[in-house]
Structures are given as structure tokens and as C-alpha cells.
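All of these numbers come straight from a predicted model, not from anything done at the bench.
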Amino acid sequence: RNYSIGDVIARFLMMKGKNVLHPMGWDAFGLPAENAAIERGIHPAKWTYENIDYMRAQLKRMGFSYDWTREISTCAPDYYRWNQWIFLKLYEKGLAYKRLSTVNWCPRCLTVLANEQVEAGLCWRCDAMVEAKELEQWFFRITEYAEELLDYTEKLPGWPERVLTMQRNWIGKSVGAEVDFPIEGSKEAIRIFTTRPDTLYGVTFMSLAPEHPLVERITPADRLSEVKSFVEEVKREKSRVGVEEVDKLEKKGVFTGARCINPLDGTRVPVYVANFVLMGYGTGAVMAVPAHDQRDFEFARAHGIPVKVVINPPGEKLDAETMEAAYTDEGVMADSGPFSGMKSSEGIASVIGHMEKEGLGKRSVNYKLRDWGISRQRYWGCPIPVVNCARCGAVAVPCESLPVILPENVRFTGRGLSPLESAEDFINSECPKCKGPARRETDTMDTFVDSSWYFLRYTSPAEESAPFDKHDAGYWMPVDRYIGGIEHAVLHLLYARFFTKALRDLGLHGLDEPFQNLLTQGMVCKETVKCPTHGFLSPAEVAPGARCVHCGLAVDVGAVEKMSKSKKNVVDPDNLIEKYGADTTRLFSLFAAPPERDLEYTAEGVEGSYRFLGRVWRLVADNAELLGTGPYDGSKDAALEGLPELKALHQASHRTIDKVTRDIGERFHFNTAISSIMELVNALYLFRQKEKTDDGLGRKVFREAVEAVVLLLAPFAPHISEELWRGLGGEAPVYKTPWPEADPTALVAEEVTVVVQINGKVRSTVTLPADSSEEEVREVVLKDEKVAEWTKGRDVKKFIYVPNRVVNLVVA
RNA sequence: GCCGAAGUGGCGGAACUGGUAGACGCGCUAGAUUCAGGUUCUAGUGGGUGAGAGCCUGUGGGGGUUCGAAUCCCCCCUUCGGCACCA
């Protein structure tokens, strides 16, 4: 479906005379190939290249118009060497760096797990409890571009709103202030971030994340064991349930024994460690204002901490003792020193200004966006071009030495850090700096790196001196139409945007954004069939009478769900192509729903598309003798005057051309484009039956319409169109034939049907010459029998005329 | 909880900027073709009522704006998607 959508656009634009770059390539590194190696003993390279061959053959059978001379594979050294080259350039600019970070570790398999391999906190293969393990890992500094990535979400009108919203949420910008709370009896201070500086006078306690580095340092000796055991308890909970379920945990905390000072008014407040404070956001410390934050409120009530009201709703006064929930809206500041009486919305800026003047704090911006961890302890990926030298540390491989080739002779045991650990020749290396012995980095890159710039490579896939040719990239880019699933709304599309900007700043091209227009197509779904004892069944496992072939029990026809192997509701295009041909397969996937919606596969729907193509075929095959003459040339004479049926067909042809052109080119609503072609075909069948087409003019008008059908259908069903086009005497391949143009004079109707409403209800219609004046319309309408009946004995108070469309009479 | 998208016949879905709701397809019902079934061709098909022309009603629910609302505004309900202790 994805590729059928793209092919319609490509073929349409080719026929419109555009120079179209319609490429195909393989994002071929990644975990599935490695799992196949572990489970089935096939080398990932072999497995991958076999799959590529299979899929390439299938795409060719579907008749997609790819430029195969531009085919690329991300797992080929001549592609991934440029991944490595880009990595080195980012490293030079400080946009790639290394630091300690946690990975998922299975203590039984002794291996690192990808997030997708952790199911509810357990190893997907052995169900052991996954642990956190600290490793040195490489990161890309995407946060450097947070502001620009956010700004440009306002400058992408060709993107769906929901995708932009998801990206904005992901970047998660919030504006506020950073404030230091000095710790009593210590030189240290707790730095907090807050979006509500207007509530600073209401702080009654402080909470730290369990991982906060100050926790152990500020806790007095007599409380240390209690605090430590709390921290351990929280860490255990997090590893058990997985991050996504942390919010369901009860809010818990423990007093450290330390106190800190509110720099604004000098109050002493107790410092707690709390399980709901995240080390990964802000500073890992939160100033707690129970009166105006619900979370803090609940915690304060549970721990007997005072509540201090500093914002009152307009015209009201809250009571700290009796209030039952935090007041989080705007209001009037109270009990806030010089700011009392000020509107809270104005207080935010005022308090920040005051703190900056006094050196107590400053304006600050926070993002939820994290830097992008790209290290994977995996084999089937692009090697990170770095060696680790005992003397010099991590040293970049010089650009001239690229590519660092992924070795083939490794063992796949499913254990240990990475299969690359077993490749001695690969690991043992020399430090480029000191020439001493060094150990090659065994981590490979996240496959999202591979897919973050491939679209640029398509513009010059054979370039050997750079990732891509600057001139070619300038000619083709940005991508006019990018088509993909909604699952890429954040990660892939954000990484690709980041790469585009980073490569721009490296001077490789002059582009701000990679994708001008984005089409997110829906999923293909199909009903599932379930047996009470044998689970999901494929259609072949269902016996007549809706019974399971294995046990004979009645099956349950379940919900319509995304096609997936595990649910056994997948339809292989190969089988459809064999039974119905590629054109039917394509047509069905384009007709049954607009591209962005989910599509339900039904056998009946496929039959419908097949039937339609048969109808088109017979239209030409059964009327060969009528189609022998050339088409009607309507622009030169008025030969159709007085022949309403011929004229109607001529106009229908041009209206269809106009509609289909706009539906494909402007709206990407292929389902309605196809339905318009169907309407024209239906009209031709009726015309053929009712009209004498054996006179010269009739034949010409008939032929004109048939030619339109064949050409308009070409982007959707290229094979049958090609065949029919040849049959009609067309010479060039149909995809090189100019797209038909609607004759504007044929689009203009001479007569229009005007709807007559009385008090807003349709009561009659009148047929009039187009563009009649209001006076002319009024005259005809008032003479209309039905109108006369409805207005008899009543006053026409108002006469509204919308030209060529509707008349509304208000009568009383 | 927050953000986003969407609710239209038996089903998938049309309806461009507010102007004949249900195009097109599936399914169903008739008729023609056929020994018969399938295929193919033709006609009909939102609901109610009526012999009929027609009339009433109808786009998740309630209110509003308007000569006129599937479309715009407010409130509510449902479904889907994303994010989620974000300080």
C-alpha cells in the first residue's frame, strides 16, 4: 500500500512531464537479522541479502516505477562508510560524545537487551528479571537543535498536524527559572527548575530524586541507613515494573534530616527524597509548593508538612487548613513579600527579574528531549569508527581509513556484550595517535542513524568522495513527498530532521528541512479468526461451516486488526498477484480508503477492483470497431450543438480529467479519483447501449472518453493501461504519454440545475441557463408549480440566490 | 490526566470555500442472458408513511449562530493514536 501510493504520485508526475526521482533502497541493518542468526544459524548478511532479493522481486512484480540504478543498501560498506564519516564530522564538532549510560542487561543470557526486547521488565527470551547496567556509550547532541527543531514545526505546512504535535510534545519545551537553595550548615546548594516562580514564597519542603548526587552528602549520619534503604527500594521498583508504569506507584518519600534555605525569604524547609522525582528531567530536584501543586499537596498531607497559600483565586481567599486539593490556576499573589497583590501571571516575570538582579536565580528553559544514544551492543550494524587506546583513550579513526568494515567471521551465541567481541582480528588494532596497541570499539550504531540521511544519498548514490554530491542534493532536495507510517512520527522523522540541520551546519548542503510534504498512511488491517483451543487461525485452517480444521470447534471471527504474522491475518501480495494480477492488488489498496486512514482488507473488495478492471478491458475489447477512428477534437468546432447526449459525454470526459487531476495532484485522495474514473466507465456503458455511436461524431466522442479512461487509470493500473493504450494505437509507453488536460470550455455547463428551498427545505428544482441574473431566476422560480403551491397565500419575505446553486425563499 | 484525530446507510467510504447528504464500491433484491450455477448486462436499495406524485425524518447526544449546518461555535458522550509523577 505504501509503495502503491508513492507509485501513483510518481507516475502521475512523470506523465505531467516532471523529472521524477523515485528511488528504492534497503534499511537493512538491525536486530531481526541478528536474531535469525542466533535462532537459525544463518549469517545475518546472507539472511538480509536473501530477503532483499525476495522483496525486490516482489516490488518488481507489482510494477513500481523505481529507478533501480539508484538502489542503496545501508548494510553495504559503500553506504555505511559515510555513516562513519558523518559520525567523525559530528565528533569533531562536539555533536557526538561519549558518557556513562544505563542499558538493559539480562543476567541469565549475559547480554544487553534492546528496549524492545524487554517485556514488562523481563527478558523476552528467558524471562529473567532485567537489570540496569552502566556502560560507556556514544551520544548525538540532538538537544543542541531542540529550539530549531521546535521552531520549524511551525514552518512545515505540508505535515499533518498530529505529527507536528507529537514532535512538539516530545521536545517538550518549558520556560521557567533556575534557583539555588543553599543547604543549611553546608557550602552546597540544591539547584531546582520551576515553571512557577510565582509560587516560590509557598515552598514548604524540597524533594530530591533518589539518584540525586547530593542525597548521600547532605544526609546526617544518623539518618543515612534509612535514606539508603529507601533509595534501594525505589531502584528495585523501577527495574521491576519498567519506566512506563512508575506513575502507578504510590507516592513515597523519606526525610533526609537536612534543611535548605529559600533564597527569596530565608525560610528553612526540610529536604526529602521522593520516588516521584525524576533525575532525568530538570535538575533532579523539585521545590515543593503543596498549596499549588497536586502532587506536592498529597505528599504534604501524608507527611504532615505545612501548606502555605500564596496564590488566591480572583476575589476569593483559600484556607490552607481546609483546602482539599491544590489550586493550580492563575490568581492573585499573597503572602509573597513585595509581590503580594500582584497577578500571578505577571508575578512569574517579576520574580525572575528580582532574582536575576539579586543573583539568586535566573530564567531557564528545559526540554524533555534527551540526547540520542546511538551505541548498540550488537553485531549487525555500522561499526562506530573509534579505537580505545590505553594511553590516549577514545581516538577517532582517521577519515582516510574508512570504512571500518564489519567482520564476517564472528560467533552468534546470544550471550555476552556483542558478537564482535569474538572477532580478534577486528578488535586488535593500532592507535592512530600513538601507534600503540588499541582495542577497536565493538559497539555499532543505532539503525536510525542509517536512515537519517539516506534520502540525500539517493541524489548521488555512486558518489565516492562524499556522502552525496552537494549540487545533486541542491537540485533534488527537499523530498517533495515523503510517505511513511505514523509509527515514525517522532523518532525517525525527528532524527532525519536533526541530521539535515547538522549536515547543513557542516556545510554539506543548504537545506533546513528534509521533507516538504509528509503523508502518513494508515495500516492494512484484516479480520482475525480464533479457535477456542488453537488460537489464531489462518483462512486455510478454517473448515466449511466456520470450524477449526484441527478440532472441529466453531471458530470465532474476531476483531479487525493490523496484519501480523502472529495473528495469522496476513495476505501475501504474491498470492493476490497470482490470482488477480498486480493492477487489481494496487487498485484495491488505493480504492478502499484514503491513504491516511487504516484500510480493511476484504476479499469482496478485491473482487470489486478486479471486476472494474474487467469492465474497462471489455469496454475497449468489445468496441474495437468503434474505436478505430481518432478522438473527438472539441476545441475547434461546435459540432456537438443540438446533440445533448454526445455533448454530455464529452463534458463528462473533461470533468473526469479535471477531477482526477486535482484528486491525485492536490489532495492525494486516490479513492475518489478512482471512483470518478468508475463513473465515467459507467457512463460509457450506458452511452454504448443507448446511443448510436456508429456515426462518425459519436465514435469520436466515445473514443475521446475511452482514451481519457485509459490514461487516467495509468498511474493506478499501469499494466492494463499500457496494454489498452497500445490497443488504441498509442505509440509511446503510457507513462511517457502526456497526462490529458481538461478543456476549460468543456467544463463550463450551459445549463444548471438550481435547487429551490422554501424556509430551508428543498421543495423543487429548476433548470436555467448558467449565470442567469437574479431577476431571471426569480421569474422562473416564482412560476414553478411546486413553488407556487408552497407560497400560496403566504408572503415571500426574502429571496436568497446563490448563483448557479440554490434559491431559498423565506415565506411566512 | 494532558495533547491530537475522528464519529455519516447492512459494510468500506463520498460531499470542493456553509448550499439537493449518502457519489463510487461491497452486500442485498429484481429482471435479461444461461439447461442450470457462476460470469456478464440492466434496474432498485438510509428510515418511516403512502396506490402514487409526495410528505415526514435522518450525519454520536444536547444547545446555539444562519435564509440554509455533516461542515462554524459551546457543552457532553464514544472510539482511536501519542505522551504521561515533566516540577
Side-chain angles (χ1 to χ4, degrees), chain A residues 160-170 172-174 176 192-196 199 207 209 243-251 274-278 280-289 293-296 298-299 366-368 486-487 489-490 520 522 560 587-588 591-594 596-609 611-612 614-615 618 622 659 662-663 666-667 669 671-679 681-682 685-686 688-689 753-765 786 789 797-811:
Chain A
E161 194 52 42
R162 58 177 180 151
V163 173
L164 295 172
T165 305
M166 280 188 229
Q167 294 215 349
R168 286 182 201 121
N169 290 344
W170 189 263
K173 179 182 180 176
S174 51
I192 59 98
F193 171 75
T194 179
T195 56
R196 294 292 305 275
T199 64
S207 30
V243 189
E244 69 276 0
E245 286 170 49
V246 168
D247 64 315
K248 286 170 196 153
L249 288 176
E250 188 197 339
K251 294 183 184 16
N275 66 346
F276 57 85
V277 181
L278 307 173
Y281 183 77
T283 61
V286 182
M287 68 172 213
V289 186
D293 180 283
Q294 186 58 27
R295 202 176 32 201
D296 297 343
E298 288 167 24
F299 192 87
N366 248 286
Y367 300 94
K368 290 184 204 169
I486 189 70
E487 70 274 16
V490 177
T520 49
V560 175
L587 196 72
F588 167 73
F591 177 62
E596 64 276 7
R597 275 208 224 180
D598 283 353
L599 169 78
E600 187 191 339
Y601 175 91
T602 59
E604 294 80 10
V606 177
E607 289 281 350
S609 293
R611 218 176 290 169
F612 168 67
R615 243 166 107 76
R618 287 187 298 276
D622 296 350
K659 174 90 161 70
R662 284 186 290 115
D663 278 354
E666 293 167 21
R667 300 202 309 151
H669 278 200
N671 54 333
T672 53
I674 294 167
S675 70
S676 306
I677 303 173
M678 288 175 168
E679 284 181 77
V681 170
N682 291 346
Y685 266 79
L686 295 186
R688 181 69 197 95
Q689 177 181 289
T753 302
V754 172
V755 172
V756 184
Q757 299 181 334
I758 300 197
N759 290 341
K761 292 194 186 247
V762 179
R763 296 300 179 194
S764 182
T765 58
K786 286 182 203 151
E789 220 171 282
K797 297 217 158 167
K798 214 167 176 182
F799 184 94
I800 296 144
Y801 175 52
V802 181
N804 298 330
R805 279 186 179 267
V806 72
V807 162
N808 194 7
L809 303 180
V810 183
V811 300

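- The shortest heavy-atom contact between A/Leu278 and A/Ala209 is C-CB, 4.0 Å.
- Within the nucleic acid shown, A/Arg662 has no heavy atom closer than 4.0 Å to any nucleic acid atom.
- Between the OG1 atom of A/Thr753 and the CG atom of A/Asn804 there is a distance of 10.5 Å, given to the nearest 0.5 Å.
- Separating the CG atom of A/Asn169 from the C1' atom of B/A84 is a distance of 10 Å, rounded to the nearest angstrom.
- Atom NZ in A/Lys786 sits roughly 9 Å away from atom C1' in B/G54 (whole-Å rounding).
- B/A70 and B/U17: their P atoms are spaced 16 Å apart (whole Å).
- Using a 4.0 Å heavy-atom cutoff across all strands shown, A/Lys797 reaches no nucleic acid atom at all.
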- [ ] Go through the steps to decide whether A/Phe591 and A/Met678 satisfy the test side-chain contact (heavy atoms from CB on, under 4.5 Å), and finish with yes or no.
- [x] CA-CA 11 Å; A/Phe591 177 62; A/Met678 288 175 168; 3.8 Å; yes

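- In this structure, A/Asn759 CG and A/Lys798 NZ are separated by 11.5 Å, a value rounded to the nearest 0.5 Å.
- In summary, the side chains of A/Ser174 and A/Asn366 do not present any donor paired with an acceptor at a separation below 3.5 Å, with no hydrogens or angles considered.
- If you take CE of A/Met166 and P of B/C80, they are 15 Å apart, rounded to a whole angstrom.
- If you find the closest nucleotide of RNA chain B to A/Thr195 and to A/Glu679, the one lying nearer the 5' end belongs to A/Glu679.
- Distance, A/Met678 CE to B/G25 C1': 6 Å, rounded to whole Å.
- Taking atom C1' on both nucleotides, B/G60 is separated from B/C56 by 22 Å, rounded to a whole Å.
- Salt bridge annotation for A/Arg168-A/Glu161: present, with a cationic side-chain nitrogen under 4.0 angstrom from a carboxylate oxygen.
- Separating the P atom of B/C16 from that of B/G22 is a span of 13 Å, rounded to the nearest Å.
- Considering OG1 of A/Thr765 and CD of A/Gln757, their distance stands at 12.0 Å, rounded to 0.5 Å.
- Distance from the side chain of A/Ile800 is smallest to B/C67 among B/A15, B/U42, B/C67.
- Annotation: cation-pi geometry not satisfied between A/Arg295 and A/Phe276 (NZ/CZ under 6.0 angstrom from ring centroid, within 45° of ring axis).
- Interface remark: the A/Asn808 side chain does form a donor-acceptor pair with the B/C67 base, using a distance-only criterion of under 3.5 Å.
- Nucleic acid contact class of A/Val802 (heavy atoms, under 4.0 Å, all strands): base.
- The gap from the C1' atom of B/G64 to that of B/A84 amounts to 36 Å, rounded to the nearest Å.
- Distance noted for atom P between B/G81 and B/U29: 36 Å (whole Å).
- Residue A/Asn671 is in sugar-phosphate contact alone, with no base atom involved, counting any heavy-atom pair closer than 4.0 Å across all strands shown.
- Listed pair A/Lys761 / B/U57 meets the phosphate criterion, a side-chain N or O lying under 4.0 Å from OP1 or OP2.
- Set against B/A87, B/C83, B/U42, the side chain of A/Tyr685 has B/U42 as its closest nucleotide.
- Contacts of A/Arg805 with the nucleic acid, taken as non-hydrogen atoms under 4.0 Å apart, include base atoms.
- Comparing B/G54, B/C85, B/U20 by their closest approach to the side chain of A/Asn275 singles out B/C85.
- Here the OG atom belonging to A/Ser675 is positioned 6.0 Å from the NZ atom belonging to A/Lys659, to the nearest 0.5 angstrom.
- Between B/A87 and A/Ser174, a contact under 4.0 Å exists linking OP1 or OP2 to a side-chain N or O.
- Both A/Gly280 and A/Ile486 sit near RNA chain B, but only A/Ile486 has its closest nucleotide nearer the 5' end.
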Open item on the list: Dot-bracket, 5' to 3', for RNA chain B please: Watson-Crick or G-U pairs under 3.5 Å, [ ] where pairs cross earlier ones, | where the partner sits on another strand, dots elsewhere.
Closed with: (((((((..(((......[....)))((((((.......))))))((((....))))..(((((..]....))))))))))))....

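- B/A14 and B/G25 have their P atoms separated by 15 Å, with the value rounded to a whole Å.
- The CG-P distance, from A/Leu599 to B/C26, rounds to 16 Å in whole Å.
- Among B/G4, B/G19, B/G27, the nucleotide with an atom closest to any side-chain atom of A/Arg611 is B/G27.
- If you check every strand for non-hydrogen atoms under 4.0 Å, A/Lys798 touches sugar and phosphate atoms only.
- B/G46 sits 30 Å from B/U39 when the C1' atoms are compared, rounded to a whole Å.
- Of the candidate nucleotides B/C24, B/G19, B/C67, B/G19 has the atom lying nearest to any side-chain atom of A/Val806.
- Within 4.0 Å of A/Arg168, counting heavy atoms only, lies no atom of the nucleic acid at all.
- Of the candidate nucleotides B/A43, B/G4, B/A87, B/G4 has the atom lying nearest to any side-chain atom of A/Arg162.
- A close approach under 4.0 Å does not occur between any side-chain nitrogen or oxygen of A/Asn682 and OP1 or OP2 of B/A23.
- Taking atom P in both B/A6 and B/G13, one finds a spacing of 14 Å when rounded to whole Å.
- Nearest heavy atom pair, residue A/Arg763 against residue A/Lys786, reads O-CD, 3.5 Å.
- If you check B/C67, B/C85, B/A15 against the side chain of A/Arg667, the one that comes closest is B/A15.
- Of the listed nucleotides (B/G4, B/C41, B/A87), B/G4 has the atom at the smallest distance from the side chain of A/Thr165.
- The nucleotide whose nearest atom lies closest to any side-chain atom of A/Ala592 is, among B/U42, B/C55, B/G12, B/G12.
- Atom-to-atom, CG of A/Leu809 to P of B/G19 comes out at 19 Å; the value is rounded to the nearest Å.
- At the phosphate of B/G54, neither OP1 nor OP2 sits under 4.0 Å from any side-chain N or O atom of A/Arg763.
- Taking CZ of A/Arg196 as the start and CZ of A/Phe193 as the end, the distance is 12.5 Å to the nearest 0.5 Å.
- Interatomic distance, CZ of A/Arg597 versus CG of A/Asn671, reported as 8.5 Å (0.5 Å rounding).
- The phosphate of B/A6 has neither OP1 nor OP2 within less than 4.0 Å of any side-chain N or O from A/Arg597.
- Taking atom CD of residue A/Glu600 and atom P of nucleotide B/G27, one finds them 14 Å apart after rounding to whole Å.
- Taking side-chain N and O atoms only, A/Arg618 has a distance below 4.0 Å to OP1 or OP2 of B/C41.
- Between A/Arg688 and the phosphate of B/C41, there is no side-chain N or O to OP1/OP2 separation shorter than 4.0 Å.
- B/G9 adopts a syn glycosidic conformation, its chi angle falling within 90° of 0.
- Taking atom CZ on A/Phe193 and atom P on B/C86, their separation rounds to 12 Å, with Å as the unit.
- Listed candidates were B/C86, B/C55, B/G13. Nearest to the side chain of A/Pro594 is B/G13.
- Between the side chain of A/Glu604 and the base of B/G12, no donor-acceptor pair under 3.5 Å is found.
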